[in-house]
Each structure stands twice: as C-alpha cells, then as structure tokens.
Amino acid sequence: MGNAKTTPLITLPPSKLPNLPESIFSTMNQVALQNNALNLAQGFPDFPADPRLIAYLNEAMKAGYNQYAPMAGIYSLREAIAEKIQNLYKASYNPEKEITLTVGATQAIYTAITAMVHPGDEVIVFKPAYDCYEPTVKAAGGTVVPLQMEGKHFKINWEAFRKALGPKTRMVVINSPHNPSGTVLTDEDMEELENSLAGTDVMVLSDEAYEHLVFDGQPLRSVARYPALAERSFLCASFGKTFHATGWKMGYCAAPAALMKEFLKIHEFAVFAVHHPTQRALSKYLKEPEHYLNLPGFFQQKRDTFLQSIQGSRFRYTPAQGTYFQILEYDTITDEPDVEFAKRLAAEFGIAGIPISVFNLNQQDNRQLRFCFAKKDETLQQAGEILSRV
Ligand code: PMP
Ligand code: GLN
C-alpha cells in the first residue's frame with residue numbers, strides 16, 4: 001500500500017509476542033557484513049553441500065517430481081528415516097504413521113508445541129536455550145518455565161527439574177547435542193529425565209538438530225534410544241545441519257502414532273507438504289549411510305583445527321562435545337559485557353561470534369562467545385590468527 005506507515009489506521013490486537021528482541025543471528029550477521037568480518041556467528045557451513053546430493057535434486061526435478069508430495073512426505077523418504085532410526089537406535093517408527101517431513105527442525109518444533117500446548121500449560125526449557133522454543137510456547141498461550149544449566153559444563157540440575165514439575169507441566173524441551181554450549185546429555189541425564197517423568201503425562205520435545213555431531217567416540221544418544229522416553233517424545237531433526245544444506249530448510253519429526261496424529265492436524269494447515277524434489281533427493285542419499293556416519297570424524301577434525309589455531313590466544317575453552325559450535329571464555333581478556341565484546345571483535349578485529357548471554361536466564365553474562373567451526377580449514381586458520389591477536 002505505497003508509503004508504509006508505522007502507525008496503522010486500525011487498532012491491532014495485543015501482540016502475541018511483545019518485547020521480542022531482534023534475533024541475535026540477524027544482528028550479528030549484519031554486524032559481520034558491515035565490518036566485512038569473518039562470520040563464525042550464525043551456524044552454517046562455508047563449504048558446499050555434496051555435489052552428489054545436488055545431482056540427486058537436479059535429477060528429481062528433471063524427472064518431473066515437481067507437484068505436491070503427500071502431506072506427511074513421500075513414503076520412500078519416511079521409510080529411509082525409519083530405517084536410519086532403527087539401525088542407529090534400535091527403535092521402530094512406522095513410516096506411515098509416525099514420521100513427517102517438515103520445513104527444517106524449526107517447523108517440526110513449532111508444530112509439536114502448537115499441537116500440544118494449551119493456554120495455561122507450562123513448558124520447561126533449559127537455559128541457555130536455542131531461540132525458537134520460547135516464542136512458540138508463548139504464542140500458543142503457554143508459560144515458559146526456564147531452568148538455568150549450571151557451571152562450565154552446563155549440567156542440568158535434576159533436583160531443580162523435579163521441583164519445577166507440576167500439574168501444569170505439559171512439556172519439557174531437551175536439545176542434545178546442545179546449541180549453544182556444545183555439550184551432550186549423558187546416559188545418566190537421560191535416566192534422570194526418564195525417572196522424573198515416570199507416572200506423569202509430561203511430553204518431551206527432543207531437538208536433535210545436531211544428532212550426528214558428537215565427538216571423542218561418544219555414542220549418538222537420540223531420545224529414540226530410550227523407550228520410556230520415546231513413547232512421550234517428539235524427535236525433531238534437521239537435514240540442513242546433517243547434510244551441509246541449511247538453506248534447504250528440510251527436517252522431520254518422528255513421534256508415536258497418537259502424538260503424530262495431532263501433529264499432522266497442525267502441519268496440514270500450516271504447510272500441507274514440503275518441497276517434493278528435495279524429498280526424492282534425500283531418500284536416495286539416505287540409502288548411502290556413510291554420508292551421516294562420517295560426520296563425527298569430519299567435524300571433530302574441524303573442531304580440533306579450530307582449537308589448535310587458538311592455542312596461542314588468551315581465550316579459554318572446554319572442547320565442544322558435540323554440535324559445530326565452540327564456546328570461548330574471555331574473562332581473562334576483558335570484563336566487557338558479551339554483546340558489546342562480540343560487536344567490538346567484529347569492528348576492531350574482523351571476526352564475528354555469538355554472545356551467549358542472550359540465551360541465558362535473565363541474560364546472565366558469563367563472558368562467553370560461541371564460534372561456528374563448520375568452516376573450511378583456511379577459514380578456521382584465519383579465525384585462529386585473528387583470535388590470537390585479541
Ligand atoms: N534447533 C537447533 C538447536 C538449531 O541450532 C537449529 C538451527 N539450525 C534448529 C533447531 C533449526 O534447524 P532448521 O534450520 O533445520 O530449521
Ligand atoms: N541454528 C543456527 C545457529 O544457531 C541459526 C539459526 C537462525 O539463524 N535462526 O546459529
């Protein structure tokens with residue numbers, strides 16, 4: 001309508017998300033761009049996706065798979081996902097009734113929360129938390145119950161968790177491997193979760209965007225591996241992260257049939273069906289398991305290259321156990337707040353990272369920045385040189 005006015009002529013209803021700050025990913029991307037800084041802020045690879053996967057996508061388009069896919073996704077891809085889960089976690093999900101393709105993990109998470117959370121329900125979220133859970137809970141009329149993870153290793157306080165559980169608790173969100181901390185939940189953590197939820201109707205939303213990115217010989221620990229948890233869980237995953245194609249925004253949700261039935265009622269009217277040719281390409285690519293089985297080694301080497309490159313710097317760290325993010329502590333360098341320090345690093349030194357305080361309870365600032373190491377080795381070397389000058 002021509003000149004956009006900031007004050008509309010009509011009276012708007014109250015905002016569902018008042019006071020929502022600008023995404024830190026947009027802020028830091030902009031800061032990186034303005035300063036022509038090396039961008040290790042937002043989590044995406046600076047190397048290409050496998051040409052083989054791209055060829056499969058081209059083939060699918062040329063073969064004419066350009067019309068709507070079935071609502072939950074093409075059967076062959078749902079079957080390939082079910083097989084992957086079966087092989088890795090010895091858990092069986094019915095491809096027809098228990099797996100749905102989504103627009104990235106984000107839409108899987110949005111849809112699971114929207115399908116299950118009613119006004120007045122409480123959802124427990126561990127902080128620091130990836131930024132999409134809380135606004136979605138609030139938009140659904142729910143209340144977020146944030147619990148800060150503790151200490152340098154971001155451990156969940158299970159005693160505090162049990163105290164936070166109550167008659168209004170509908171769901172708990174877990175995310176392992178964890179963004180932004182790079183930690184992973186242990187078998188003991190999963191046991192604590194299982195025992196705490198036994199006898200309740202509390203559901204689990206398991207954000208497994210970094211499912212395949214665990215290091216130092218640790219096993220993958222999807223919620224699917226724990227039957228008593230899996231039966232109450234929405235497992236949300238991201239092909240963007242797994243196959244170096246974050247721009248494809250392709251993911252999936254796996255959940256027991258009764259949960260998936262409700263999930264699909266929301267999915268149908270938000271999305272109906274996701275990009276068909278990409279599904280064809282992925283169903284072929286998933287039949288070659290080496291593409292995901294090699295990921296831990298591939299990213300562990302990237303982590304180690306990055307850590308090696310900052311040996312001479314004043315930053316301190318505990319090596320990431322998973323994800324493609326490394327937290328660096330800078331309290332030995334300055335006591336500037338992390339958001340300011342992140343902006344100054346971009347402006348003065350030419351490197352961008354993400355300040356952790358924005359994900360913490362009450363923006364608690366532990367003088368930590370997150371750097372993405374899903375980058376070419378040259379980029380990581382360059383990052384190391386810059387960080388060593390700080
Ligand atoms: N969860 C976490 C923890 C993430 O870091 C991301 C960002 N990729 C997502 C979910 C969203 O994934 P997608 O890009 O597949 O929507
Ligand atoms: N998941 C990515 C990260 O944590 C970015 C997602 C986003 O830009 N919203 O950096």
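Counting starts at 1 for both ligands and their atoms, in listed order. No hydrogens, no waters, no symmetry mates; every other heavy atom, side chains included, goes into these values.
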Considering only heavy atoms of Gly43, which atoms of ligand 2 have at least one such atom less than 4.0 Å away?
2 (C), 3 (C), 10 (O)

Looking just at side-chain N and O atoms, do Asp377 and Gln301 make a donor-acceptor pair shorter than 3.5 Å?
yes

Using a strict cut-off of 4.0 Å, indicate which atoms of ligand 2 neighbour a heavy atom of Gln42.
5 (C), 7 (C), 8 (O), 10 (O)

Heavy atom under 4.0 Å from ligand 1: found in Lys249's side chain, backbone, both, or neither?
side chain

Given side chain to side chain contact (heavy atoms under 4.5 Å, CB included), test Asp365 with Gln363 step by step and report yes or no.
CA-CA 6 Å; Asp365 186 347; Gln363 275 73 55; over 6 Å; no

Does any N or O of ligand 2 fall below 3.5 Å from an N or O anywhere on Phe325, backbone included?
no

What residue and atom, counting heavy atoms only, is the protein's closest point to atom 8 (N) of ligand 1, and at what distance?
Lys241 CE, 2.4 Å

Less than 4.0 Å is my threshold; does some heavy atom of Tyr130 fall inside it relative to ligand 2?
yes

Heavy-atom distances under 4.0 Å decide this one: backbone, side chain, both or neither, for Gln107 against ligand 1?
neither

Pair Ser357-Asn360, side-chain donor/acceptor within less than 3.5 Å:
no

Quick check on Thr246 - does any of its heavy atoms sit under 4.0 Å from an atom of ligand 1?
no

For atom 9 (C) of ligand 1, tell me which residue out of Tyr110, Tyr130, Trp248, Phe25 has the closest non-hydrogen atom.
Tyr130

Common cluster, Ile266/Val173, ILVMFWY with side-chain heavy-atom separation under 4.5 Å:
no

Assess the side chains of Asn195 and Trp158: does a donor N or O sit below 3.5 Å from an acceptor N or O?
no

Cation-pi geometry met for Lys241 and Phe44 (6.0 Å, 45°)
no

Using a 4.0 Å cutoff against the non-hydrogen atoms of Arg370, which atoms of ligand 2 qualify?
3 (C), 4 (O), 10 (O)

Location of contacts on Met28 toward ligand 2, heavy atoms closer than 4.0 Å
neither

Test of understanding: given a 4.0 Å heavy-atom threshold, classify the contact between Asn179 and ligand 2 as side chain, backbone, both, or neither.
side chain

Kindly check if the number of other-residue, nucleotide or ligand heavy atoms within 6.0 Å of NZ (Lys84) is above 12?
yes

Distance-only side-chain donor-acceptor flag, Ser196 / Arg162, under 3.5 Å
yes

Looking only at side chains, do His118 and Lys168 share a donor and an acceptor under 3.5 Å apart?
no

What do you reckon, does Tyr210 have a nitrogen or oxygen under 3.5 Å from a nitrogen or oxygen of ligand 1?
yes

Thr106-ligand 1 polar pair, N/O distance under 3.5 Å
yes

With the threshold set at under 4.0 angstrom, would you say Phe239 reaches ligand 1 through any of its heavy atoms?
no

Using a 4.0 Å heavy-atom cut-off, which part of Ala105 comes near ligand 1: side chain, backbone, both, or neither?
both

Do the side chains of Leu101 and Arg78 get nearer than 4.5 Å, heavy atoms only?
yes

For atom 7 (C) of ligand 2, the protein heavy atom that lies nearest, with its residue and separation:
Phe25 CD1, 3.5 Å

Just by distance, no angles: are the side chains of Gln321 and His178 close enough, under 3.5 Å, to form a donor-acceptor pair?
no

Considering only protein heavy atoms, which is closest to atom 2 (C) of ligand 2, and at what distance to one decimal place?
Lys241 NZ, 3.5 Å

Distance from atom 3 (C) of ligand 1 to nearest protein heavy atom, with residue and atom
Asp207 OD2, 3.2 Å

Please identify which atoms of ligand 1 are closer than 4.0 Å to at least one heavy atom of Ala209.
1 (N), 2 (C), 10 (C)

Taking NZ, NE, NH1 and NH2 as the nitrogens, is one of them in Arg367 or Glu336 under 4.0 Å from a carboxylate oxygen of the other?
no

